[in-house]
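This chain uses plain numbering: 1 for the first residue, then up along the sequence. The figures here come from the full heavy-atom set of this structure, side chains too, leaving out hydrogens, waters and symmetry mates.
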Amino acid sequence: MAEAILGSLDVIKKVRVSDDGISIAEEQLLKTRLPMEIDSGAAVENLATAEDWRKALSRVVPAVVVLRTTACRAFDTEPAGSGYATGFIVDKKRGIILTNRHVVKPGPIVAEAVFLNREEIPVHPLYRDPVHDFGFLHFDPGAVQFLEYEEIPFAPEAASVGLEIRVVGNDSGEKVSILSGTIARLDRDAPPYKRDGYNDFNTFYMQAASGTKGGSSGSPVIDCKGCAVALNAGSKTAGASAYFLPLERVVRALKFFQEDILESSLSKNSWQPVHIPRGTLQMTLMHKGFDETRRLGLKRETEQMVRQASPSTETGMLVVDSVVPGGPSHKLLEPGDVLVLVNGEVVVTQFLRLEVLLDDNVGKHIDIELERGGATITVTLLIQDLHSITPNFFLEVSGGVVHPLSYQQARNFRFTCGLVYVADPGYMLSRAGVPKHAIIKKLAGEETSVLDDFIAVYSKLSRGARVPLEFLTYVDRHRSKSVLVTVDRHEWYAPPQLYVRDDSTGLWNVKPAISTTSAFSLSLFGSSNGEQQQLLSTYDNISTKEGSTVSVVNGVEKSCEGEATGSSGESVQASDAPIIESETKRRRVNNLLGGDGLANTDGTSDHFEHNIADNEVAEETVTIPASSASTAEHVIEPTLVMMEVHIPPSAMLDGVHAQHFFGTGVIVHHSQSLGLVAVDRNTVAISVSDVMLSFAAYPIEIPAEVVFLHPVHNFALVAYDPAALGSAGAAAVRAATLLSEPPLSRGDAVYLVGLNRSLQATSRKSVVTNPSVALNVGAADCPRYRAMNMEVIEVDTDFGHSFSGVLADELGRVQALWASFSTQVFCTL
């Protein structure tokens, strides 16, 4: 082969190229001496001189632009973020730029084009193909005032093996880079990019060792005449291979715009939307060689018929690789089916030919003859409109993005198109543990098969309500997971909004997703307490995976098994405790409930029987059961609460280093109208927080509000409504007795009492070693709160950094807050 190529090059050197081309004899000689794998036309094109390339590049480079894009929202296959890419002008009069689909993005973007002379022009999305990696952007041609440029013409028919090409673009962020290469393949499979992101399919790609890297997406692949023969799309990070998209379908799409859009309308940044017909059978095909199709059961006579009807260069056939559930091909086609005939006549062995048939017959039926394991089968399929399963709208709720599942992701995840898909969980869903790419099946016990169902159920909920949500993930598709979702009580985010793409401007129009008469809107804009109580939804006896029962009444969760909610949203089973201690707590709760075991949990104060004066400390006679627990532990346990704090991402202020915190607080005031909890500022960092309290004395979880943050010292006060506890809960909970005098001295015995994640009180006796140690918390790299001008108590025992509570004497009187301090840890590698 090497000798043949060298001989071919000798012949090429002797060929004289005139204005009319080469002579017939010379052309025949060239074809006979060239090896079969290299097209002779490509070899002739490679006779271009350096001057030819210089002239071609001088025309091409001014038409290539750097694209700066910012995706405002996560949508479909693309996350929110910004980046650089490349595009080139394909219609100067109408101001149309061609680039990749993953640059235009399916969701809302803000983009601008930077020309060679550094003129910056805003651009708007004009079209993005649902499957193939190309899209168009529009700019105002009149806005470019100081640069002379020409559009780059298309020449997809010029692409051939052996063709010398140049890739011109913003490779590696260098604004203008010119990379050379030679097309080595025209039939490479579409490169796989992400398992859960955008991937092109059902098309061939070209491959060349041009070594393109990031930033060159959307670059033109040109020949020596300055014509674009392909579109740069991707590359292999561990090698020099680059992958180019053929331009046949790009040329078709551009013609629709050129025929249907007037030049004057585009210059006004408003145009009549153009519909480009795109058909699909919701199946993925692969091109397999004849040797592989024979192993799949292809008959010998079928192979001979296909070879006779196809070009001599044909090496294989199209084979079904996967089918999307619920699509036209579902249950009719199977992986491994070999396509033979379409409508009884056409032999389809190339992606392009099949795609032309699908795009030209949207909404019609098509007959496909295939072979499956040696048997001939004919199926009739309906060609579906590809745009109908490509979403152009989304719901934004609590900073999250939810929309119908697109064909791209349905193919990736093997789910049905149109399901409720979480592109970005935002604050509310991530707080409940719902991940990105989740499929929401139920909300508040109601099916949500489409987005309209989800909006209808959500509109019935009031702010602060806690409802169950059931979802699936593609990594664990056969197991549904259930979590409790808390509807935002505060206005950290705007009310739910629906964004719809406007194809006449390239922008996204926004409108309220929920009417002003819904429960959510009434709770937001202010309604009477009676109206809100009528609108609250009640969900009883929700079964969890662990078999326990959770009762949600008026948006308040009551765990009947003493479980606590962990940071991941899953229930955390309480650890084993002494039997006597558990029986004592259960007996105390039963006594408070009464003989019939019923308690008032309606959240009102009409039946509030446990009266404590505002400034009065309840004195109780504590009966210590026969257990190893200390007196201080049993006295202080009803005063302790476990606090879970969530901070919205939009409110990450003052150098807050995390969004989720756990900590133990102590009740310092408990009356009929107000409850106050003291806690350290490493648990409550800022006031813009959602706080949930779980009480050690009574199995209930209620919301709370941050009312005070000490600017210097390490403590905060959180307020809660005692009425939310009900009469039984209010009777079980009490305020701690604070003992500030006499101050602690060296050698005094104290008890460290705190709660673990299972709401079990734990205590340990300790001795004060130093009652006045100067605290020194170092400054962090970024400005944030740190405790200053404080003296702390040093003891000889510690439970570690993940445990907090109070220091008390043996009678259970609180002498100090056992706090956690926030500081930056510097690591040395």
Side-chain angles (χ1 to χ4, degrees), residues 129-132 186-190 199-205 246 248-249 252 277-389 407-408 410-411 414 416-417:
D129 193 81
V131 173
H132 299 318
L186 300 176
D187 58 352
R188 194 214 188 270
D189 294 333
N199 293 287
D200 202 347
F201 56 94
N202 289 351
T203 184
F204 285 128
Y205 266 65
E248 286 81 4
R249 307 314 284 169
R252 171 181 179 266
R278 295 286 278 114
T280 181
L281 298 175
Q282 291 197 34
M283 65 176 179
T284 302
L285 300 173
M286 299 292 290
H287 190 268
K288 302 289 186 181
F290 285 114
D291 56 340
E292 293 187 61
T293 57
R294 284 194 295 269
R295 288 194 290 269
L296 292 172
L298 183 68
K299 299 176 184 178
R300 182 175 295 275
E301 53 270 22
T302 303
E303 179 181 342
Q304 293 177 353
M305 182 267 293
V306 172
R307 286 183 179 273
Q308 292 176 359
S310 303
S312 59
T313 56
E314 183 57 68
T315 59
M317 301 176 67
L318 298 181
V319 178
V320 177
D321 181 67
S322 64
V323 176
V324 177
S329 303
H330 187 223
K331 296 183 179 180
L332 296 177
L333 299 182
E334 297 179 0
D337 291 346
V338 183
L339 273 64
V340 180
L341 299 176
V342 176
N343 290 335
E345 299 178 357
V346 181
V347 177
V348 178
T349 59
Q350 296 290 315
F351 290 111
L352 180 60
R353 194 172 184 182
L354 178 61
E355 188 166 315
V356 171
L357 291 173
L358 296 180
D359 292 346
D360 294 343
N361 296 277
V362 177
K364 300 178 182 180
H365 288 83
I366 188 172
D367 295 327
I368 296 181
E369 180 180 320
L370 53 92
E371 289 197 6
R372 180 184 299 165
T376 301
I377 301 174
T378 301
V379 296
T380 300
L381 303 176
L382 175 65
I383 301 177
Q384 188 177 15
D385 184 4
L386 183 55
H387 297 293
S388 66
I389 53 177
Y407 177 39
Q408 278 281 342
R411 171 183 171 270
R414 303 296 189 265
T416 304
C417 292

Quiz item: For R353, which residues count as a side-chain hydrogen bond (donor to acceptor under 3.5 Å, both in side chains) partner, sequence neighbours excluded?
Solution: none
Practice problem: Could you grab the distance from atom OG1 of T376 to atom NZ of K299, nearest 0.5 Å is fine? | Solution: 3.5 Å
Self-check item: N343 side chain to D367 backbone, donor-acceptor under 3.5 Å
Solution: yes
Exercise. Kindly check if the number of other-residue, nucleotide or ligand heavy atoms within 6.0 Å of CD (E345) is above 12?
Key: no
Quiz item: Counting only N and O atoms by type, is there a donor-acceptor contact under 3.5 Å from the side chain of T302 to the main-chain atoms of L298?
Solution: no
Exercise. Would you please say whether a donor-acceptor pair under 3.5 Å links the side chains of H132 and E355?
Key: yes
Practice problem: First locate atom CD of Q282, then atom CG of L386, and finally report the distance between them rounded to the nearest 0.5 Å. | Solution: 8.5 Å
Quiz item: Which is it for L318 and T349 under the side-chain contact (heavy atoms from CB on, under 4.5 Å) test, yes or no, and what are the steps along the way?
Solution: CA-CA 6 Å; L318 298 181; T349 59; 5.6 Å; no
Self-check item: Considering all heavy atoms, the nearest D359-V362 contact
Solution: O-CG2, 3.6 Å
Quiz item: If you measure from CG on L354 to CD1 on I368, what distance do you get to the nearest 0.5 Å?
Solution: 6.5 Å
Quiz item: When rounded to the nearest 0.5 angstrom, what distance separates CZ in R411 from SG in C417?
Solution: 11.5 Å
Quiz item: Looking at OG1 of T203 and NE2 of H287, how far apart are the two atoms once the value is rounded to the nearest 0.5 Å?
Solution: 12.0 Å
Practice problem: Go through the steps for V131 and R278 under the test side-chain contact (heavy atoms from CB on, under 4.5 Å), then give the verdict. | Solution: CA-CA 10 Å; V131 173; R278 295 286 278 114; 4.0 Å; yes
Quiz item: Between F290 and R307, is there a cation-pi geometry (under 6.0 Å to ring centre, at most 45° from the normal)?
Solution: yes
Quiz item: Can you name the closest pair of heavy atoms from D200 and A190 and give their distance?
Solution: O-CB, 3.3 Å
Practice problem: Could you tell me whether a side-chain N or O of E314 sits under 3.5 Å from a main-chain N or O of G316, the two making a donor and an acceptor? | Solution: yes
Exercise. Determine, step by step, whether D385 and T280 satisfy the side-chain contact (heavy atoms from CB on, under 4.5 Å) criterion, reporting the C-alpha distance in whole Å, the side-chain angles of both residues, the deciding distance to 0.1 Å, and the verdict.
Key: CA-CA 6 Å; D385 184 4; T280 181; over 6 Å; no
Quiz item: Quick one: CG on L332 to CG on L281, what's the gap to the nearest 0.5 Å?
Solution: 10.0 Å
Quiz prompt | Modelled atom types, side-chain donor and acceptor of T284 and D321, under 3.5 Å | solution = no
Practice problem: Would you please indicate yes or no on a ring centroid separation below 6.0 angstrom for F351 and Y205? | Solution: no
Quiz prompt | Test log, rule side-chain contact (heavy atoms from CB on, under 4.5 Å), inputs M305 and L341 | solution = CA-CA 11 Å; M305 182 267 293; L341 299 176; 4.2 Å; yes
Self-check item: Non-hydrogen atoms of Q384 and P328 that approach each other most closely
Solution: OE1-CD, 3.5 Å
Exercise. Name all pairs fulfilling the salt bridge (charged side-chain N to carboxylate O under 4.0 Å, His left out) condition that reach into residues 370-379, sequence neighbours left out, sorted by first residue then second.
Key: E334-R372, D337-R372
Quiz item: Considering only heavy atoms from C-beta outward, does the side chain of L333 approach that of V323 to under 4.5 Å?
Solution: yes
Quiz item: What closest approach, in Å, do F204 and L186 show between heavy atoms, and which atom pair accounts for it?
Solution: CB-O, 3.5 Å
Quiz item: Of all heavy-atom pairs between T293 and K288, which one has the smallest distance, and what is that distance?
Solution: CG2-O, 4.0 Å
Quiz item: Which pair of non-hydrogen atoms, one from L357 and one from I383, has the smallest distance, and what is that distance?
Solution: O-CD1, 4.2 Å
Practice problem: Pick out which of L382, L381, V379 makes a side chain to side chain contact (heavy atoms under 4.5 Å, CB included) with I366. | Solution: L381
Quiz item: Can you name the residues that form a side-chain hydrogen bond (donor to acceptor under 3.5 Å, both in side chains) with E369, not counting sequence neighbours?
Solution: none
